[in-house]
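Below you'll find the structure, written out as structure tokens, and then a few comments.
The chain is numbered in sequence order, starting from 1. Note: hydrogens, waters and symmetry copies are ignored here, and every other heavy atom, side chains too, is used.
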Amino acid sequence: MGKQRQTQDHYFREAKRLGYVSRAAFKLLEIDEKQGILAKGSRVLDVGCAPGAWLQVAAERVGKKGRIVGIDLKRVGVSLPSNVQTVQGDVFETDVADLTGMAGGLFDVVISDAAPDTTGDPTGDHFRSIRLCDHILTILPALLLPGGPVVMKAFEGESYPDLLARMRTMFAKVKGVKPKASRSISREMFVVGLTFDPGA
Ligand SMILES: C[S@@+](CC[C@H](N)C(=O)[O-])C[C@H]1O[C@@H](n2cnc3c(N)ncnc32)[C@H](O)[C@@H]1O
């Protein structure tokens, strides 16, 4: 068995053992461990939240006093604590005020694992993924508190540097990270922006 396959099987088994609905949980756990994104009591928006592993991780990290709102095209079926609310919808069409209304104010943190369904056309998938990230950046001033962090999945490709450049105009620190739980052959990266400056 190849090393890549062994690693993925390991995360799959660990997700089962720990009760996470998918191994995506380990991507957020690793990013959070290294970047310190989620704090007790935080209000978190999770874009592209189904089937719900990131919601499970976020709920553990923010605790009972935190609040989590998730949005996805698909319905989230997994059972979650009462401080997690989800809406089924398209982030391109959702009224941002509805999301902040559910949380009772602007979010401390915005995370997005949202991705288009992959089509086998890596260039098209890349542009659709960047379009999602760009949209989140556009609506961010109405979502995220000044100083807050963002984490977004992005498929690498020709517009990836432009995405990082745009983020550098909005955040004090920007980096692209590749968690161990992310398949090394996939073009998936996670862009992290720290210390949001809405006036920039
Ligand atoms: C990789 S999955 C997310 C996995 C999730 N983070 C978890 O831990 O369970 C990507 C999700 O993005 C969602 N998505 C893609 N485009 C979207 C959009 N425009 N609005 C909302 N959700 C979207 C998909 O429906 C899909 O469920």
Side-chain angles (χ1 to χ4, degrees), residues 8 10-115 117 132-133 135-136 139-153 177 179-182 188 190-196:
Q8 294 311 316
H10 162 76
Y11 285 118
F12 182 78
R13 278 195 308 272
E14 277 300 276
K16 266 209 151 147
R17 186 175 72 82
L18 298 169
Y20 293 126
V21 72
S22 96
R23 54 180 185 80
F26 298 104
K27 301 176 192 173
L28 182 59
L29 282 167
E30 186 182 329
I31 294 167
D32 186 41
E33 245 151 55
K34 293 199 175 138
Q35 315 295 336
I37 302 287
L38 301 164
K40 287 273 175 237
S42 288
R43 282 199 272 242
V44 180
L45 175 66
D46 182 358
V47 182
C49 63
W54 280 29
L55 293 172
Q56 292 176 303
V57 169
E60 284 166 14
R61 292 284 163 123
V62 305
K64 286 198 181 110
K65 292 202 172 130
R67 275 207 198 179
I68 301 163
V69 175
I71 174 167
D72 201 291
L73 297 168
K74 297 174 195 142
R75 204 181 72 81
V76 174
V78 67
S79 119
L80 291 157
S82 59
N83 57 339
V84 182
Q85 286 175 276
T86 59
V87 270
Q88 190 174 359
D90 185 337
V91 71
F92 286 106
E93 282 161 24
T94 299
D95 187 343
V96 177
D98 289 346
L99 300 173
T100 50
M102 286 167 80
L106 291 179
F107 293 94
D108 299 291
V109 183
V110 173
I111 54 179
S112 169
D113 193 20
D117 284 338
L132 264 165
C133 294
H135 179 69
I136 292 170
I139 60 176
L140 213 49
L143 284 174
L144 182 62
L145 280 168
V150 75
V151 176
M152 297 184 294
K153 169 148 83 186
V177 298
K180 288 195 197 81
S182 175
E188 161 185 287
F190 290 85
V191 290
V192 181
L194 300 175
T195 320
F196 178 47

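- Between His135 and Phe92, the angle of the ring planes lies from 30° to 60°, which puts this pair in the tilted group.
- Scanning all heavy atoms of the two residues, the minimum distance from Ala58 to Ile68 falls at C-CD1, 3.4 Å.
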- Trace of the side-chain contact (heavy atoms from CB on, under 4.5 Å) decision for Tyr20 with Val57: CA-CA 8 Å; Tyr20 293 126; Val57 169; 3.9 Å; yes
- Message: Using side-chain contact (heavy atoms from CB on, under 4.5 Å), reason through Val76 and Val84 one step at a time and then give a plain yes or no.
- Response: CA-CA 11 Å; Val76 174; Val84 182; over 6 Å; no
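- Side-chain atoms of Ser42 do not come within 3.5 Å of backbone N or O of Val44 as any donor-acceptor pair.
- Between Leu194 and Pro149, the shortest heavy-atom distance links the atoms CD2-CB, 3.9 Å.
- Without hydrogens or angle criteria, Gln88 side chain to Lys74 main chain gives no donor-acceptor distance under 3.5 Å.
- Every residue was checked against the salt bridge (Lys or Arg N to Asp or Glu O under 4.0 Å) condition with Lys180, not counting sequence neighbours, and none meets it.
- Remark: of the listed residues Asp32, Asp108, Asp46, Asp32 is the sole one forming a salt bridge (charged side-chain N to carboxylate O under 4.0 Å, His left out) with Arg61.
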- Item | Trace of the side-chain contact (heavy atoms from CB on, under 4.5 Å) decision for Phe107 with Thr100 | CA-CA 7 Å; Phe107 293 94; Thr100 50; 4.0 Å; yes
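- Here the CG-CD1 distance, from Leu38 to Ile111, works out to 6.0 Å after rounding to the nearest 0.5 Å.
- The 12-atom threshold is not exceeded at NZ of Lys65, counting heavy atoms of other residues, nucleotides or ligands nearer than 6.0 Å.
- Here the closest heavy-atom approach between residue Ala103 and residue Arg43 is recorded as O-CD, 3.1 Å.
- Without hydrogens or angle criteria, Gln56 side chain to Val21 main chain gives a donor-acceptor distance under 3.5 Å.
- In this structure, Asp90 and Thr94 approach most closely via the heavy-atom pair O-OG1, 2.8 Å.
- Contact detail for Asp113 and Ala24: the closest heavy-atom pair is OD2-CB, 4.0 Å.
- Across every non-hydrogen atom of Leu106 and Ala142, the tightest pair is CD2-O, 3.3 Å.
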- Message: Apply side-chain contact (heavy atoms from CB on, under 4.5 Å) to residues Asp98 and Val87 and explain how you reach the verdict.
- Response: CA-CA 10 Å; Asp98 289 346; Val87 270; over 6 Å; no
